[in-house]
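If you read the sequence from its start, that first residue is 1, and numbering goes on from there.
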Amino acid sequence: MNLNLTSTISFDHIPNKELRHDVIGLCFKTGKPLLKLSTKDYVDNGLYHYVEQYGSAGLVNIEVFNILQHTITGWPGGKPDADDSTRPERALPYPKRVVVFSPHPDDDVISMGGTIRRLMQQHHDVHVAYETSGDIAVADEVVRLYMHFINGFNQVFANGSDEVIKHRYQSVKAFLKQKQEGDFDNRDVLTIKGLIRRGEARNACEYNGIQKDHIHFLDLPFYESGKVEKLPMSEKDVRIVQELLQEVQPHQVYVAADLADPHGTHRKCTDAVLAAIDEEKKAGAAWLNDCRVWMYRGAWAEWEIENIEMCVPMSPEELREKRNSILRHQSQMESAPFLGNDERLFWQRAEDRNKATAKLYDDLGLACYEAMEAFVEYRV
């Protein structure tokens with residue numbers, strides 16, 4: 001297996017990429033929406049060649065306006081029985097089999113929770129694949145909380161007779177008591193932390209209507225170092241992803257492209273998915289002929305508006321539902337160890353980012369939505 005271990009994101013396939021970049025930049029520079037740019041604006045900023053090419057400033061404006069307008073869709077899986085010639089996703093097949101790859105057990109709802117709910121409401125067959133356990137991102141006090149519950153549950157319903165409680169509970173309790181700052185967790189504690197995150201992910205999926213057998217915990221081996229620094233991504237990781245793709249044979253794949261993740265997990269997870277797709281392509285997998293790969297970004301950054309190819313709008317109520325699904329991940333709220341220098345909670349970051357994307361579209365003179373989730377297509 002020849003692995004692709006360096007994820008790169010290309011925008012070369014985007015039609016009129018330079019035009020989009022230049023005209024949108026002109027809007028921001030002049031403070032004008034697209035349809036109000038004048039010939040003088042183009043002349044003063046060295047962009048008159050576009051006016052010459054299209055015949056007038058108005059025609060340039062309309063060209064870019066229509067390009068951006070066609071990125072907006074309330075049908076991320078494609079709208080059945082509709083003309084899809086100007087839509088970002090094809091109408092057929094319908095419904096589609098969809099796999100959402102989530103590096104950690106909350107990136108799915110943080111990054112595209114609104115889109116997931118739309119896909120479910122529109123009756124697509126949605127699978128969510130959590131690539132890593134996320135165990136190191138659970139604070140010790142959360143483990144203690146669950147341990148108190150387990151011990152109390154055992155005392156109430158089993159009269160304290162459970163041997164696991166008597167022995168394993170006591171050993172974990174003793175480990176946490178003597179643990180010093182900077183110490184690594186032992187395997188028992190990491191297992192408990194992983195179970196906590198699994199439970200939260202299932203809870204969020206249930207809120208979004210995803211079936212139990214459509215929730216996949218891949219536990220990619222590269223993550224299980226027990227440390228912030230991860231192991232190298234290997235063929236074993238790729239094979240696990242590849243087996244899921246072979247099983248589902250999706251029409252849509254959503255993958256994280258948040259390569260700015262400070263701990264590198266997102267990049268390795270992206271490498272694993274893209275390498276698995278490459279292997280399937282080499283093997284001539286028929287399902288790839290009818291599959292599109294959409295890349296999302298998460299809490300760390302957003303796509304530049306000139307590169308966005310699909311943008312899914314949300315109403316205030318839909319944004320609140322997205323927040324509710326993020327809040328199912330209780331261990332990742334105030335006590336999460338890796339919130340970073342940004343003091344906002346993950347749901348706040350997500351909402352601010354989605355609202356900012358909507359404001360960009362609004363500033364350019366397009367429809368004004370409460371929030372929007374953005375995607376770029378990865379060409380297989």
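Residues Lys179 and Asp183 are not paired through a salt bridge, judged by the lack of any N-O separation under 4.0 Å between the basic side chain and the carboxylate. Checked for salt-bridge contact, Lys79 and Asp84 miss the test: no charged N lies under 4.0 Å from a carboxylate O. A salt bridge does not link Asp41 with Lys29: every distance from a Lys NZ or Arg NE/NH1/NH2 to an Asp or Glu carboxylate oxygen is 4.0 Å or more. Taking 4.0 Å as the cut-off between side-chain N and carboxylate O, Glu321 and Arg117 count as a salt-bridged pair. The pair Arg197-Asp106 meets the salt-bridge criterion, with a side-chain N (NZ, NE, NH1 or NH2) lying under 4.0 Å from an Asp/Glu carboxylate O. Classification of Asp278 and Lys282 as a salt-bridged pair fails, no side-chain N sitting under 4.0 Å from a carboxylate O.
By the 6.0 Å contact criterion, CZ on Phe153 is open, its count of non-hydrogen atoms from other residues, nucleotides or ligands being 12 or less. By the neighbour-count criterion of 12 heavy atoms within 6.0 Å, atom CD of Gln178 is densely surrounded, having more than that number from other residues, nucleotides or ligands. For Asp81, the CG atom is loosely surrounded, since the number of other residues' heavy atoms within 6.0 Å does not exceed 12. The neighbour count for His214 NE2, taken as heavy atoms of other residues, nucleotides or ligands under 6.0 Å away, is above 12.
Evaluation of the salt bridge (Lys or Arg N to Asp or Glu O under 4.0 Å) rule for Glu247 yields no partner, not counting sequence neighbours. Residues passing the ring pair (Phe, Tyr, Trp, His ring centres under 6.0 Å) test with Phe375, sequence neighbours excluded: Tyr254. Annotation: salt bridge (Lys or Arg N to Asp or Glu O under 4.0 Å) contacts of Glu351 (sequence neighbours excluded): Arg323.
Pairs of residues two or more places apart, or lying in two chains, that qualify as salt bridge (charged side-chain N to carboxylate O under 4.0 Å, His left out) and include a residue from residues 198-222 are Arg198-Asp219.
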Using residues 56-66 as the side-chain source, report each donor-acceptor pair under 3.5 Å to any protein atom, sequence neighbours left out, with the distance given to one decimal.
| residue | atom | partner | partner atom | Å |
| --- | --- | --- | --- | --- |
| Ser56 | OG | Leu59 | N | 3.2 |
| Asn61 | OD1 | Tyr42 | OH | 2.7 |
| Asn61 | ND2 | Leu34 | O | 3.3 |
| Asn61 | ND2 | Leu37 | O | 2.9 |
| Asn61 | ND2 | Ala57 | O | 3.3 |
| Asn66 | ND2 | Ile62 | O | 3.4 |

With a 3.5 Å cut-off and sequence neighbours excluded, list the donor-acceptor pairs that the side chains of residues 88-99 form with protein atoms.
| residue | atom | partner | partner atom | Å |
| --- | --- | --- | --- | --- |
| Glu89 | OE2 | Gln252 | NE2 | 2.9 |
| Glu89 | OE2 | Trp294 | NE1 | 3.0 |
| Arg90 | NE | Asp290 | OD1 | 3.4 |
| Arg90 | NH2 | His251 | O | 3.0 |
| Arg90 | NH2 | Asp290 | O | 2.8 |
| Tyr94 | OH | Gln122 | O | 2.7 |
| Lys96 | NZ | Gly77 | O | 2.7 |
| Lys96 | NZ | Arg90 | O | 2.9 |
| Lys96 | NZ | Pro93 | O | 2.9 |
| Arg97 | NE | Val248 | O | 2.8 |
| Arg97 | NE | Gln249 | O | 3.0 |
| Arg97 | NH2 | Gln249 | O | 2.8 |

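With 3.5 Å as the limit, one finds no donor-acceptor pair spanning the side chains of Tyr48 and Thr39. Between the side chains of Thr115 and Glu373, a donor-acceptor pair is found at a separation under 3.5 Å.
For Asn208 (side chain) and Ile210 (main-chain N/O), no donor-acceptor pair under 3.5 Å exists by modelled atom type.
Summarising the geometry, atom CH2 belonging to Trp347 is positioned 14.0 Å from atom CZ belonging to Arg328; distances are rounded to the nearest 0.5 Å. Thr73 contributes atom OG1, which lies 13.5 Å from atom CD of Glu309 (distance to the nearest 0.5 angstrom).
Of all non-hydrogen atoms in Ser102 and Tyr296, the two that sit nearest each other are CA-OH, 3.7 Å.
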